[in-house]
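Below is one structure; the comments refer to it alone.
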Number of protein chains: 2
Amino acid sequence: MPGPGRGVTIADVAARAGVAASTVSYVLSGKRSISPETADRVMQAVADLGYHPHAGARSLASRRAGVIAMMLPLRDGMHLPVLMQFASGAVTEARRHDQDVLLMTADEGPSGLARMAASAIVDGLILMDVEVQDPRVETLRRLGLPSVLIGFPADAEGLTCVDLDFTAAGRVCADYLIERGCEDIALLGASEAVYERRTGFAERVREGFLGRSGPRGEVWPCPDDAVAVQRTVKELLTSKPDLTGLAVHNEPAVGHVMHALSDAGKRVGEDFQVVVIGPDEIAERVHPQLPSVLVPAETLAETAVRHLMRKLDGLEVADATLIEPQLTLR
Amino acid sequence: MPGPGRGVTIADVAARAGVAASTVSYVLSGKRSISPETADRVMQAVADLGYHPHAGARSLASRRAGVIAMMLPLRDGMHLPVLMQFASGAVTEARRHDQDVLLMTADEGPSGLARMAASAIVDGLILMDVEVQDPRVETLRRLGLPSVLIGFPADAEGLTCVDLDFTAAGRVCADYLIERGCEDIALLGASEAVYERRTGFAERVREGFLGRSGPRGEVWPCPDDAVAVQRTVKELLTSKPDLTGLAVHNEPAVGHVMHALSDAGKRVGEDFQVVVIGPDEIAERVHPQLPSVLVPAETLAETAVRHLMRKLDGLEVADATLIEPQLTLR
DNA sequence: CCACGTCATCGAAGCGCTTCGACAAGCCAG
DNA sequence: CTGGCTTGTCGAAGCGCTTCGATGACGTGG
């Protein structure tokens, strides 16, 4: 029992190993060479005493907190399970680098970032769900806090960004449908509102899809309420009677689309193919289950953390990184 | 621009306000009385300079980190959206108390707790999803780190626990069905596995339900795959032909149950009543939407944080707190 | 008008760690 | 055998903050 009130300090370890405190520090950090014998003795003392450096003291002396912040849009419409996967991935990867993760909500906004920077409570941060016009971006640039963004703001100059390669996602969907032998195919996109909010990604999916499909493909925007989906699908089928393949890039609409197709006499999975761009649950919850291209939240998180760690170590990192989408068959 | 390399320190604030550093500290903490004039000048300097105390230095000197840890079961079967609500609620409440939140995964286990304690990186912690036999509980007790558990371990002696009042949830469901005029009613529970893992809560729902229903009620455990649900429901209807009310305490099974009932010719919402114990989305996603008793994750989180803060301030806190379930009609 | 609380403020001593410069010891080339 | 490196270790100086005791400057009752 290491004494309940007092914590074990580096001095205790040093005393037990018969060395100076600084030596213990060097053994632990590896910043100077220490003879194997001494190192062993120190490590033994560390283990015996269950020593862990005091985080505050370390951060004060070394100007490195060993903590990174993760700012998530915890309240609004983001798809919760995906966020959670992301958080989980980030924490796991961070622990691999001996870092802890501080959780912030996006509604702390720019002033939250300022607080993080000024209080030196974290070494860097990861900003999730960055929008095209994001008020946090300017603050971030000004603060000079090392950071990695998930998503691409309009002006990404000097920032490190990571995101799903949506163009590739569009391509993957088109390829899937074509390989299944579909002649005419279409992409049912998001509602106008989504396009406006974060122009980038919807546009890119479209390009990827059309680039692969050629003239046999079309892209239709689509609202997400049941009625409008019914109508849109009906119009689409009328306009392209030979349509046998559909990619849906609109999470809430997937269920409605399936109904509409079934109403129109299409047998999905048999004479008609559907592929979804979106999280697994969406594609799994309909009948029949659909193949889907998912946002690889975990990979995204890992990549973001890894990039941040490189920046903290003063290494070069690519400004923009696109993560390959993954097609899951079902 | 506060100078990119250097941070603003308390000394800078003191200089600008023309006082000693200790005075600034006292103004900020309110631990000694300071004349209003001086306090104003100091606050002005703080604002002008955008001063935030260095978290590490503060934690070193005051033995208070201003951070609490939240250990979530980030990887396994927990319902993700609920976890997220919980996390969100906790962060928001913590910020109200000027605390930040460190995110840990449950798979860091007892050694993770030891690290938190020894490195003094957090002042206390919240343990989510505590199981009846939880290896972390003993470590926690030994470490003496202030903590609040969500859930009840077998031996809660000396620990502060918060949880949904599952007995009340069972009662609420039974009451709802009885009030709707159902004669025979049943509770469709979780799969055996869940019962084994965390005996506590399933057991309590059962008691609450039966306590209210009397002999007209029955409790059936139920696996969560489609086929088994179909079978279980069929058997249930055969065994209790006059059944008109059903409570479902099995999140993944809800959709299947609805199918099975519809196959059996029951009109839910008309000649047959169903109520769900589980998160909102589950009850909203089926047709017709069902009334549900939800886990008030946000309230739970807030309560947990509030209790933890009281403990950190050396105040008394009830050992066990049960949160009232809320019935949402739809 | 003096001794004595009160109030507002200051200065200094750490908190536990990292890091820098210093310094013995051992090594090798000359 | 000496001068100059390297290697391994130590001691001391902070990092920025809180907190404790001390110190003036007042006001007040005797």
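Letters A, B, ... are given to chains in the order of the sequence lines, protein chains preceding strands, and every chain is numbered from 1. Values reported hereafter were calculated over all heavy atoms of this structure, with side chains retained and with hydrogens, waters and symmetry mates removed.
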Query raised in the report: Which sits closer to the 5' end of DNA chain C, B:Ala39 or A:Ser29, going by the nucleotide each is nearest to?
Result: B:Ala39
Query raised in the report: So which one's nearest nucleotide on DNA chain C is more toward 5', A:Leu60 or A:Lys31?
Result: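 The residue closer to the strand's 5' end, by nearest nucleotide, is A:Leu60.
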Query raised in the report: What does B:Ser59 touch in the nucleic acid at a heavy-atom separation under 4.0 angstrom: a base, only the sugar-phosphate, or nothing?
Result: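 Counting heavy atoms under 4.0 Å across all strands, no contact is made by B:Ser59.
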Query raised in the report: Within the structure shown, what part of the strands sits under 4.0 Å from A:Ser62 by heavy-atom distance: base, sugar-phosphate, or nothing?
Result: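 Touches sugar-phosphate only.
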Query raised in the report: With B:Leu308, which of B:Thr160, B:Asp123, B:Asp313, B:Ile126 fulfils side chain to side chain contact (heavy atoms under 4.5 Å, CB included)?
Result: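 One option only clears the test, and that one is B:Ile126.
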Report summary line: Here the gap from A:Leu149 atom CG to A:Met71 atom CE, rounded to the nearest 0.5 Å, amounts to 11.5 Å
Closest to the [X] side chain: [options]?
{"X": "A:Ala61", "options": "D:dC17, C:dC17, D:dG8", "result": "C:dC17"}
{"X": "B:Pro53", "options": "C:dG16, D:dC17, C:dT9", "result": "D:dC17"}
{"X": "B:Thr38", "options": "D:dT18, C:dT9, D:dC10", "result": "C:dT9"}

[N] phosphate, OP1 or OP2, under 4.0 Å from [X] side-chain N/O:
{"X": "B:Arg58", "N": "D:dT18", "result": "yes"}
{"X": "A:Ser25", "N": "C:dT19", "result": "no"}
{"X": "B:Ser22", "N": "C:dC10", "result": "no"}

Query raised in the report: Tell me, do A:Glu138 and A:Asp155 make a side-chain contact under 4.5 Å, heavy atoms counted?
Result: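 No; the side chains remain at least 4.5 Å from each other.
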Donor-acceptor pair (no angle test) under 3.5 Å: [X] side chain, [N] base:
{"X": "B:Arg32", "N": "C:dT9", "answer": "yes"}
{"X": "A:Tyr51", "N": "C:dC17", "answer": "no"}
{"X": "B:Tyr26", "N": "D:dC20", "answer": "yes"}

Report summary line: Rounded to whole Å, CD1 of B:Ile121 lies from P of C:dC17 at a distance of 13 Å
**Report entry** Partner set under side-chain contact (heavy atoms from CB on, under 4.5 Å) for B:Thr303, not counting sequence neighbours
**Finding:**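 Partners of B:Thr303 under the side-chain contact (heavy atoms from CB on, under 4.5 Å) test: B:Val162, B:Thr299, B:His307, B:Thr321, B:Ile323.
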